[in-house]
Number of protein chains: 2
Amino acid sequence: MLLFQIDPHSGVPVYRQVMDQVRYHLAAGTLAPGRQLPSIRELARSLAVNPATIVKAYSELAHLNIIEIRHGRGAFIHPDPPVMPADERRARLRQLTNQLVVEARQLGAGEKEIRDALEQTLNEINPEPPET
Amino acid sequence: MLLFQIDPHSGVPVYRQVMDQVRYHLAAGTLAPGRQLPSIRELARSLAVNPATIVKAYSELAHLNIIEIRHGRGAFIHPDPPVMPADERRARLRQLTNQLVVEARQLGAGEKEIRDALEQTLNEINPEPPET
DNA sequence: ACCGGTGTATTACAACACTAATACAGTGGC
DNA sequence: GCCACTGTATTAGTGTTGTAATACACCGGT
């Protein structure tokens, strides 16, 4: 199973595609907290990009407390994800939904259509961590 | 009533803040289709930025078919918004909700919390265009 | 035709983004 | 201690982004 896959022609920066995929897999449960990520060189080689590009992706993720990098050891999904105060989280959520709704309405989508899309996505992204 | 307000220190480019606000007001009904926008120079002066910055914002919006620019006349909210094919729209919506859910889960938000935030936003942004 | 409003085109430039190359440094099994 | 693996630091080049300055062109009322 190929965890990482990028499109060099998509216009979105490689390092950001990598970041997005790590975050997606974390949200979807494909990558559980504590799990080791591919090494910088290995991932760079398999994606055919310069190692520094992966360094950037990993560094940003580490700065977001999403992964943890240990010198000489490797990079790992952060064991205990950062907790954000409920209020702050609420504010951020509103910001995100606001963006969503503004653009959705621009597309001509009705309320139901928006809700449905959300439901589908919620359904698709396995929310509950698999109880091993 | 001040329609436009920017924060030069927010890190997000001024031209993009302007774009976002136009789109927001359009979605919220504050700016109805056909309505005239402030002229480039006027808005530039009132925001204390270079006119070229507003030019960029307006141009991008025009390119998105959100506004219409008429040489010598001014800029206007596009009278009839572009319609996007339902499938394409659905795909785009899914992309947006995906982003939302991934980040929301990163914040530790549960499904209910996400749904609630969306409901609040839907409620806040007046969805039905005022039937004149 | 004029004039004061409107948008347009060209050019410039500093800052930043993105990727790359290369040499350095920690870690752990042998 | 060595070696093969890990991440780190430094430097740099290329392109794009974001803003600005200036001169040009259209529109409509007079």
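Proteins come first, then strands; the chains are lettered A, B, ... in the order of their sequence lines, and each starts at number 1.
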Remaining members of A/L107's ILVMFWY cluster at a side-chain heavy-atom cut-off under 4.5 Å?
-> B/M84
Whole angstrom is fine here: how far is it from NZ in B/K56 over to P in D/dA21?
-> 17 Å
Phosphate OP1/OP2 of D/dG18 contacted by B/T53 side-chain N/O (<4.0 Å) | no
Rounding to a whole Å, what distance do you find between B/N50:CG and D/dT19:P?
-> 10 Å
Is there a donor-acceptor contact under 3.5 Å from the side chain of B/E68 to the main chain of B/P79?
-> no
Could you give the distance from OG1 (A/T121) to CD1 (B/I114), rounded to the nearest 0.5 Å?
-> 10.0 Å
Point-to-point distance, once rounded to the nearest 0.5 Å, from CG of B/L47 to CD of B/Q17 | 9.0 Å
Could you tell me the separation between the CD1 atom of A/I40 and the C1' atom of D/dT8, rounded to a whole number of Å?
-> 8 Å
Roughly how many Å is it from CZ in B/R41 to C1' in D/dC26, rounded to a whole number?
-> 12 Å
Between C1' of D/dT6 and CD1 of A/I54, the distance in whole Å = 15 Å
Quick one: is the NZ or CZ of A/R70 closer than 6.0 Å to the six-membered ring centre of A/F76, and within 45° of its axis?
-> yes
Output the residues of residues 12-24 of chain B in contact with DNA chain D, where contact means a heavy atom of the residue under 4.0 Å from an atom of the strand; sort by number or write none.
-> B/P13, B/V14, B/Y15
With sequence neighbours excluded, tell me which residues meet side chain to side chain donor-acceptor pair (under 3.5 Å) with A/Q120.
-> none
Between side-chain atoms of residues 49-62 of chain B and protein atoms elsewhere (two or more places apart, or another chain), which donor-acceptor pairs fall under 3.5 Å?
residue : atom : partner : partner atom : Å
B/N50   : OD1  : B/A52   : N            : 2.8
B/T53   : OG1  : B/N50   : O            : 3.4
B/Y58   : OH   : B/P38   : O            : 2.8
B/S59   : OG   : B/V55   : O            : 2.7

Residues sharing B/V12's hydrophobic cluster, by side-chain heavy-atom contacts under 4.5 Å among ILVMFWY, directly or via others?
-> none
With a 4.0 Å heavy-atom cut-off, tell me which residues in residues 67-75 of chain B come close to DNA chain D, sorted by residue number.
-> B/H71, B/G72, B/R73
Please name all residues satisfying side-chain contact (heavy atoms from CB on, under 4.5 Å) with A/A117, sequence neighbours left out, ordered by chain then number.
-> B/L93, B/R94, B/T97
Non-neighbouring partners of A/N65 that pass side-chain contact (heavy atoms from CB on, under 4.5 Å), sequence neighbours left out | A/H78, A/P82
Rounded to whole Å, the CG-P distance (B/L47 to D/dG18) equals 17 Å
Find the bend of the helix from C/dA1-D/dT30 to C/dC30-D/dG1 as the angle between its two terminal axes (five pairs each), to the nearest 10°.
-> 10°
Could B/E119 and A/R115 be called an ion pair, given the rule that one side-chain N must be under 4.0 Å from one carboxylate O?
-> yes
Using the test side-chain contact (heavy atoms from CB on, under 4.5 Å), find all partners of B/P13 that sit at least two apart in sequence or belong to another chain.
-> B/Y15, B/R16
Anything under 4.0 Å to a heavy atom of chain A counts; send over the first and last such nucleotide of DNA chain C, read 5' to 3'.
-> C/dC18 to C/dG28
Rounded to whole angstroms, how far apart are CG on A/L37 and C1' on D/dT6?
-> 13 Å
With A/E42 via side chain to side chain donor-acceptor pair (under 3.5 Å) - residues at least two apart | none
